[in-house]
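One structure is given here, and the rest of the page talks about it.
In what follows, chains carry the letters A, B, and so on, assigned in the order in which the sequence lines appear, proteins first and then strands, with residues in each chain numbered from 1. Because the structure is predicted, anything quoted here is derived from the model rather than measured. Both backbone and side-chain heavy atoms feed into the values below; hydrogens, waters and symmetry mates do not.
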Protein chains: 2
Amino acid sequence: MYPFLDSENGCLLNGMSHTTGIRQAQKLKTRQALLDAALELLEHQSLSSLGLREVTRAVGVTPTAFYRHFDGTAALGVALVEETLGSLHGMIGAILADTGDSEERLDRSVDLITRHVTEQPAHFRFIAREQHGGVGQVRAAIAAQLRGFALEVAQVLGAEPESAGWDREDLLMLGGLYVDHMVLTASALLEAGPEGEQEVVRVARRRLRLVTLGRAHWLDRP
Amino acid sequence: MYPFLDSENGCLLNGMSHTTGIRQAQKLKTRQALLDAALELLEHQSLSSLGLREVTRAVGVTPTAFYRHFDGTAALGVALVEETLGSLHGMIGAILADTGDSEERLDRSVDLITRHVTEQPAHFRFIAREQHGGVGQVRAAIAAQLRGFALEVAQVLGAEPESAGWDREDLLMLGGLYVDHMVLTASALLEAGPEGEQEVVRVARRRLRLVTLGRAHWLDRP
DNA sequence: GAAGTCAGTGAACAGTCGTACTCTCAAAGC
DNA sequence: GCTTTGAGAGTACGACTGTTCACTGACTTC
């Protein structure tokens with residue numbers, strides 16, 4: 001009945017106490033399998049061409065079972081957005097909390113993005129691809145998440161002494177600029193592949209340096 | 001035989017001299033009709049989900065006729081890229097050639113982009129959507145065109161007195177930065193719609209101002 | 001331990017898809 | 001004026017799509 005489930009997982013589930021519920025755990029597992037399969041299939045196509053049956057076939061489940069978890073492929077896309085970007089919200093602080101030298105922090109930011117992209121390329125590819133993709137609901141979900149990131153960045157930057165005298169709107173502009181360049185860098189890394197990675201990293205660093213320079217002189221004159 | 005062709009065009013074609021060839025003109029007209037129909041259909045979906053039959057149906061042509069013009073939807077996408085961005089190469093100069101006050105030039109640049117996007121939204125939407133889309137050939141075609149734009153911008157900027165002492169690599173970085181933000185602004189304008197246009201324009205101006213500020217202080221210290 | 005819930009099955013539905021044929025007939029070339 | 005060319009028509013093919021329905025049977029609940 002659960003063809004993608006091996007005995008190991010079955011034992012693991014049996015080990016759980018009665019509080020969780022075997023049934024619910026199974027359902028979540030199938031749901032996750034659908035998400036994983038979809039993410040893999042989306043490596044070479046975009047969401048608007050992803051077939052419902054295509055996903056269920058990859059998981060080993062009947063097409064009908066899909067509807068137990070999502071209304072359609074668009075809903076699956078929204079879920080993928082939350083899975084990908086929802087877990088990244090803490091990372092912003094980790095990058096920017098480092099109050100060391102500006103140049104060093106800049107390099108470390110780019111390195112951290114590079115590492116995340118190379119570790120889970122499919123997730124970032126999905127975001128880059130569907131950010132301007134054909135499914136409106138997914139675009140909206142990504143935009144909402146990225147707006148949240150921009151706000152976080154703006155808050156962190158606003159607390160720094162370099163941002164004295166900045167109004168809220170300019171800080172949001174700067175935060176959005178950083179976030180957009182994160183996504184742009186991630187996409188460029190995916191497109192370049194391992195051999196072109198260093199070149200992308202170098203350019204990304206220079207871009208960030210230029211933006212940081214602009215930030216330092218933002219209030220030079222009225 | 002050419003159901004989308006009205007008599008007016010027929011007369012127009014008859015008026016052409018024998019050099020052109022009625023037949024070739026008709027073929028080009030069908031080809032253009034396919035491109036236009038595809039562009040319209042791509043407003044609510046991405047290229048990887050665009051059906052060959054879907055396009056021919058919109059034009060009023062047999063699916064078989066499609067192959068007389070393109071190998072498949074991917075080739076049509078590449079043609080769309082060249083149609084959209086190929087005609088824009090002169091615009092770069094028109095934007096940046098204005099050697100007036102920096103602030104004024106900046107505003108005029110954003111206004112020019114805004115005007116172009118509102119005048120032909122489908123073209124820009126297509127580029128923004130397929131820049132990171134699911135069809136590799138189209139991604140490559142867009143990337144090549146944008147690289148060309150970045151090079152043009154870099155050349156124009158390099159000729160200005162503000163760029164004294166800049167090496168070629170930094171100029172390319174700056175050119176790419178400008179181009180990427182053009183695309184980003186275009187996409188934001190499309191997403192915001194007419195009511196949100198002014199807000200997008202304001203943020204885009206600030207971003208450009210910050211980048212220009214960073215440019216002015218790029219060589220301040222080694 | 002009996003009754004109920006519900007994740008997943010299997011069959012069937014009416015469409016759509018890309019592509020391969022042959023055929024037509026107006027324009028092009030001599 | 002004849003032949004050649006080629007853009008598009010028409011038909012057919014097998015494969016795939018999203019969605020529906022009644023169903024099974026392992027888990028849950030009382």
Q) Judged by atom type as modelled, is there a donor-acceptor pair below 3.5 Å linking the side chain of B/Arg207 to the main-chain atoms of A/Gly176? A) yes
Separation of D/dA7 atom C1' from B/Lys27 atom NZ, nearest Å, is 7 Å
Checklist line | Sugar-phosphate only, base, or nothing, as touched by A/Arg31 at under 4.0 Å among non-hydrogen atoms | finding: nothing
For A/Arg53, the salt bridge (Lys or Arg N to Asp or Glu O under 4.0 Å) test, sequence neighbours excluded, returns none
For A/Thr114 and A/Glu197 the tightest heavy-atom approach is CG2-OE2, 3.4 Å
Salt-bridged, B/Arg205 to B/Asp111, with N to O below 4.0 Å?
yes
Taken to the nearest whole Å, CD/B/Gln24 to C1'/D/dT5 is 14 Å
Here the distance between atom P of C/dG18 and atom CG of B/Leu47, to the nearest Å, is 11 Å
A/His181 meets the ring-ring contact (aromatic ring centres under 6.0 Å, His included) criterion, sequence neighbours left out, with B/His181
| message | Between A/Arg57 and D/dT17, is there a contact of a side-chain N or O with OP1 or OP2 at under 4.0 Å? | response | yes
Terminal axes of the helix from C/dG1-D/dC30 to C/dC30-D/dG1 (5 end pairs apiece), angle rounded to 10 degrees, sit apart by 30°
Here the pair of heavy atoms bringing B/Val78 nearest to B/Ala141 is CG1-CB, 4.2 Å
Can we say B/Asp36 and B/Lys29 salt-bridge, meaning some charged N sits less than 4.0 Å from an Asp/Glu carboxylate O?
no
note: B/Gln26, atom CD; C/dC25, atom P; distance rounded to Å ~ 17 Å
Ordered by number, residues from residues 63-71 of chain A within less than 4.0 Å of DNA chain C (heavy atoms) are A/Thr64, A/Ala65, A/Arg68, A/His69
note: A/Ile22, atom CD1; C/dC6, atom P; distance rounded to Å ~ 16 Å
Here the distance between atom P of D/dT20 and atom CG of A/Leu52, to the nearest Å, is 11 Å
Separation of D/dT17 atom C1' from A/Gln45 atom CD, nearest Å, is 13 Å
A/Tyr178 meets the ring-ring contact (aromatic ring centres under 6.0 Å, His included) criterion, sequence neighbours left out, with none
A/Leu28 CG to C/dC6 P, in whole Å, measures 15 Å
By ring-ring contact (aromatic ring centres under 6.0 Å, His included), A/His89 pairs with (sequence neighbours left out) A/Phe149
Side-chain-base donor-acceptor pair under 3.5 Å for A/Arg53 and D/dT19: yes
